[in-house]
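Single-structure report; data block below.
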Amino acid sequence: MNSSAPAPAKANDFIRDIINSDLEAKRHQKVITRFPPEPNGFLHIGHAKSICLNFGLALDYREKLPNSGTRCHLRFDDTDPVKEDTLFEEGIQEDVRWLGFNWDGLYHASDYFEKMFEYAEHLISAGKAYVCSLTDAQIKEFRGNVTTPGKASPFRERSIEENLDLFRRMRNGEFKDGEHVLRAKIDMSNPNMKMRDPLLYRIRHTAHHMTGDKWCIYPMYDYAHPISDAIEGITHSICTLEFENNRELYDWVVDNLIDYAKFPSRPHQYEFARLNLNYTVMSKRRLLELVEGKHVDGWDDPRLPTIAGLRRRGYTPESIRNFCAGVGVAKANSTVDMAQLEFCIRDDLNHKAPRVMAVLKPLKLVIENFPDDEVQEQEASYWPHDVPKEGSRKVPFCKELYIEQDDFMLDPPKDFYRLGPGKEVRLRYSYCVTCTDVVKDADGNVIEIRCTYDPETLGANPVGRKVKGTIHWVSARHAVDAELRLYDRLLSEEAPPAGKDSEFLNAINKNALQVLKGCKLEPSLANAKASERFQFERQGYFIVDSKDSKPGALVFNRIVTLKDSYARAQQKK
RNA sequence: UCCGAGAUCGUCUAAAGGUAGGACACAACGCUUUGAACGUUGCGAUGUUGGUUCGAUUCCAGCUCUCGGAGCCA
């Protein structure tokens with residue numbers, strides 16, 4: 001073993017196992033991967049798993065194989081002009097970059113259309129492909145089904161000359177959509193239906209967002225993908241499980257072209273299980289239905305698991321990368337618990353988001369023994385003791401405050417550590433107060449709390465008694481009003497009802513968005529900038545909405561609540 | 001039914017013939033001017049039947065169950 005041999009990568013998933021053994025066996029000297037989205041929609045967190053895998057592989061092995069040419073391409077799989085658009089390409093690039101990855105080369109399958117055409121002619125000349133003039137219904141019928149072998153197309157034995165002529169005339173636009181297709185000549189009785197003379201090209205008189213009107217025939221995925229991989233020198237072509245049956249065709253295409261085309265690599269396809277998450281939907285179709293049916297407010301609606309949605313919701317790229325690393329890569333279908341994602345964002349924001357105070361549902365509190373006009377500035381740290389960061393601000397304190405409605409109960413149980421008649425609590429960063437009276441409206445609702453404060457308790461524990469609870473507050477005279485959008489899980493059920501088209505809409509969580517207006521923020525938040533994140537103490541992590549928030553009319557999105565063991569215990573009762 | 005793939009704690013995932021480990025979730029306790037965070041402890045799994053072996057989650061065979069496959073989508 002020569003001493004410059006690469007140290008084997010730390011194997012922590014089956015893909016890396018494969019790559020390590022390829023490297024050891026010297027089948028490759030470098031690793032080239034690609035992320036190949038079709039530009040026909042927006043990326044979601046399932047794509048993030050693939051992005052982290054493919055780009056992560058390049059990053060890992062570049063470290064182990066310096067100067068080897070190890071890299072990861074971004075390639076748009078743009079073979080169906082009917083559905084694809086430049087707009088989607090821009091969104092996808094933004095999302096990949098936001099996630100923190102840079103591609104080594106931006107490619108399009110359409111870059112290779114000319115080569116693909118030439119290779120198709122080669123296949124025809126080799127007797128491996130033919131022009132079929134059956135209708136789509138006939139092709140379907142001739143294909144048979146999973147238990148019944150298909151039958152040969154009557155056009156299967158056309159001469160090479162006629163096939164070449166027809167194929168070139170297809171390209172020249174002499175036929176209408178659907179009149180002919182180019183098919184691989186493989187085996188109509190193959191138990192793998194993908195091998196029953198699969199279509200290679202179809203006629204589509206449709207402009208393409210990259211090639212314009214140059215083409216009116218377009219290659220199919222199963223033909224274009226292996227060729228694109230081979231041309232780019234991809235070594236490990238990683239895709240999801242539903243392509244397992246396509247692998248045999250992938251290999252057929254590469255094997256039948258490799259001697260002729262002199263590809264720089266002989267790529268191999270490997271399949272891993274796509275990400276599923278409970279309490280949400282991940283399929284393109286369902287996402288599209290939510291957006292087009294106006295069940296949500298666009299592709300970046302913070303309830304959606306799209307990258308754009310998660311970004312607007314306030315998720316950080318790090319949290320998503322950590323999540324992807326945490327769920328791992330394997331071949332078994334699985335559904336990850338949403339709690340895992342929520343853990344990742346809390347874990348990241350815990351040391352990134354400064355603490356501030358905000359009252360979501362205000363209840364007036366008046367301190368009877370505090371001077372009417374006095375305003376004290378209380379020093380409040382932005383960070384808790386266990387976050388090693390410095391910084392604080394002054395929070396104004398006066399006779400009239402707002403506290404959270406949920407922090408007061410008229411007749412509290414004994415494990416309620418907050419405020420009630422006669423009870424004492426700590427006001428965060430400030431004094432302890434004791435409730436002496438309540439004011440009710442005509443309907444008997446509590447509209448104001450009267451308290452006295454203990455001047456000895458600023459920065460000191462009260463003597464002779466233990467005060468267990470601490471609540472947040474905001475000075476009523478200094479509060480800044482804001483709109484808070486409380487987001488929760490998209491679905492109220494773990495898994496949407498399977499099957500039936502739109503049935504999943506019934507599982508939508510009606511409380512996935514709750515809009516609160518007139519929330520009271522501490523004044524330091526008045527100048528919060530778009531996309532700034534905070535922890536509102538005892539409530540959750542929030543971000544200034546990037547679209548709707550304006551100075552003087554602040555809008556915050558709740559990213560995730562804090563864990564609340566008290567609320568959880570109450571629920572169980 | 002045919003072909004392909006898979007099956008390990010509630011969930012996700014390691015171990016690749018040699019003590020079934022980690023993370024999330026959950027529970028208890030500790031700490032606490034956030035009922036947060038953090039810390040400690042606990043709970044908890046190799047689908048099934050055989051075979052090979054000193055030893056099997058791992059290798060072999062059968063069975064069971066799950067997922068994918070019959071677009072001129074990807």
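No experiment lies behind these values; they were computed from the predicted model shown. The chains referred to below are lettered A, B, ... by the order of the sequence lines, with proteins before strands, and numbering in each begins at 1.
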TODO: Establish, with yes or no, whether the OP1 or OP2 oxygen of rU32(B) is under 4.0 angstrom from a side-chain nitrogen or oxygen of T470(A).
DONE: no
TODO: Rounded to whole angstrom, note down the P distance from rU48(B) over to rA56(B).
DONE: 15 Å
TODO: Mind calculating the distance between CZ (R183(A)) and C1' (rA70(B)) to the nearest angstrom?
DONE: 13 Å
Open item on the list: Given 3.5 Å as the limit, does a donor-acceptor pair link the side chain of N20(A) with the main chain of R16(A), or not?
Closed with: yes
TODO: Quick one: label T79(A) by what it contacts on the DNA or RNA (base, sugar-phosphate, nothing), any heavy atom closer than 4.0 Å.
DONE: sugar-phosphate
- [ ] Name the nucleic acid region contacted by Y429(A), choosing base, sugar-phosphate or nothing; use a 4.0 angstrom heavy-atom cut-off, strictly under.
- [x] base
Open item on the list: In whole Å, measure the gap between the P atoms of rG4(B) and rU19(B) for me.
Closed with: 34 Å
Open item on the list: Suppose you measure atom C1' in rU52(B) against the same atom in rC60(B); what distance do you get, rounded to whole Å?
Closed with: 7 Å
Open item on the list: Base, sugar-phosphate or nothing for D136(A)? Non-hydrogen atoms, less than 4.0 Å.
Closed with: base
TODO: Could you check whether the rings of F397(A) and F370(A) sit parallel, tilted or perpendicular, using 30° and 60° as the cut-offs?
DONE: perpendicular
TODO: Return no unless some side-chain N or O of R143(A) is found under 4.0 Å from OP1 or OP2 of rC72(B).
DONE: yes
Task: Distance between P atoms of rU57(B) and rA45(B) (Å, rounded) - done: 15 Å
- [ ] Could you give the distance separating rU58(B) and rG50(B) at their P atoms, to the nearest angstrom?
- [x] 14 Å
Open item on the list: Check the phosphate of rG71(B) against K140(A), side-chain N and O only, distance under 4.0 Å to OP1 or OP2. Yes or no?
Closed with: yes
- [ ] Taking only the side-chain heavy atoms of E537(A) (C-beta and beyond), determine which of rA74(B), rC73(B), rU34(B) contains the nearest atom.
- [x] rU34(B)
TODO: Using only side-chain N and O atoms of R202(A), determine if any of them is under 4.0 Å from OP1 or OP2 of rC73(B).
DONE: yes
Open item on the list: What contact category does D415(A) fall into here, base, sugar-phosphate, or nothing, at under 4.0 angstrom with non-hydrogen atoms?
Closed with: base
Task: Short side-chain N/O contact to rG35(B) OP1/OP2 from R538(A), under 4.0 Å - done: yes
TODO: Give V387(A) one of three labels, base, sugar-phosphate or nothing, depending on what nucleic acid heavy atoms sit under 4.0 Å from its own.
DONE: nothing
Open item on the list: Quick check on rU33(B): is either OP1 or OP2 less than 4.0 Å from any side-chain nitrogen or oxygen of S430(A)?
Closed with: no
Task: Pairwise C1' distance, rU46(B) and rG18(B) [rounded to whole Å] - done: 16 Å
Task: Closest contact, heavy atoms only, P305(A) versus V281(A) - done: CG-O, 3.1 Å
Task: Ring-face cation of R34(A) near Y107(A) (centre distance under 6.0 Å, axis angle within 45°) - done: no
Task: D337(A) side chain, from C-beta outward: closest of rU11(B), rU33(B), rC38(B) - done: rU11(B)
Open item on the list: Categorize R418(A) for me: base, sugar-phosphate, or nothing, with a 4.0 angstrom heavy-atom threshold over every strand shown.
Closed with: base
Open item on the list: Mind checking if D80(A) touches a base, just sugar-phosphate, or nothing, with heavy atoms under 4.0 Å?
Closed with: sugar-phosphate
- [ ] Just compare rU34(B), rG35(B), rC73(B) and give me whichever is closest to any side-chain atom of F416(A).
- [x] rG35(B)
Open item on the list: Does atom CZ (R204(A)) have a neighbourhood of more than 12 heavy atoms from anything else shown, all under 6.0 Å?
Closed with: yes
Open item on the list: Would you say K83(A) places a side-chain N or O within less than 4.0 Å of OP1 or OP2 belonging to rC72(B)?
Closed with: no
- [ ] Determine the interplanar angle of the F113(A) and Y218(A) rings, folded into 0 to 90°, and report it as parallel if under 30°, tilted if 30 to 60°, perpendicular if over 60°.
- [x] perpendicular
TODO: Pick base, sugar-phosphate or nothing for R355(A), based on heavy-atom distances below 4.0 Å to the nucleic acid.
DONE: base
Task: S189(A) and D187(A) side chains, donor-acceptor separation under 3.5 Å - done: yes
Open item on the list: Using a heavy-atom cut-off of 4.0 Å across all strands, would you classify G459(A) as base, sugar-phosphate, or nothing?
Closed with: base
Open item on the list: Under 4.0 Å, counting only non-hydrogen atoms across every strand here, what does V146(A) touch: a base, just sugar-phosphate, or nothing?
Closed with: base
Open item on the list: For the CD atom on E390(A), are there more than 12 heavy atoms of other groups (residues, nucleotides or ligands in this structure) within a distance under 6.0 Å?
Closed with: no
Open item on the list: Over all strands shown, is K468(A) touching base, sugar-phosphate only, or nothing at heavy-atom distances under 4.0 angstrom?
Closed with: base
TODO: Mark yes or no for a side-chain to base donor-acceptor pair under 3.5 Å between Q535(A) and rU34(B), with no hydrogen or angle criteria applied.
DONE: yes
- [ ] Looking only at side-chain atoms of E242(A), point me to the closest of rC2(B), rG68(B), rG6(B).
- [x] rG68(B)
Open item on the list: Just to be sure I follow the notation: if a pair is Watson-Crick (purine N1 to pyrimidine N3 plus N6-O4 or O6-N4) or a G-U wobble (N1-O2 and O6-N3), each under 3.5 Å, what dot-bracket string does RNA chain B give, with | for pairs to another strand?
Closed with: .((((((..((((....[..)))).(((((.......)))))....(((((..]....))))))))))).....
Open item on the list: I'd like to know if R465(A) pairs up with E424(A) as an ion pair, taking the criterion as any Lys NZ or Arg NE/NH1/NH2 lying under 4.0 Å from an Asp or Glu carboxylate oxygen.
Closed with: yes
Open item on the list: Distance check, C1' atoms only: rG42(B) and rA74(B), in whole angstrom units.
Closed with: 48 Å
Task: Touch class at under 4.0 angstrom, heavy-atom based, for N246(A) against every strand present - done: base
- [ ] Ignoring backbone atoms, establish whether S565(A) has a side-chain N or O less than 4.0 Å from OP1 or OP2 of rA36(B).
- [x] yes
- [ ] Might you confirm whether atom NZ of K140(A) has over 12 heavy atoms from other residues, nucleotides or ligands at distances under 6.0 Å?
- [x] no
Open item on the list: Taking rA16(B) as the reference, what is the distance to rA7(B) when you measure between their P atoms (whole Å, please)?
Closed with: 16 Å
Task: Length of the line joining N192(A):CG and rA70(B):C1', which is rounded to integer Å - done: 11 Å
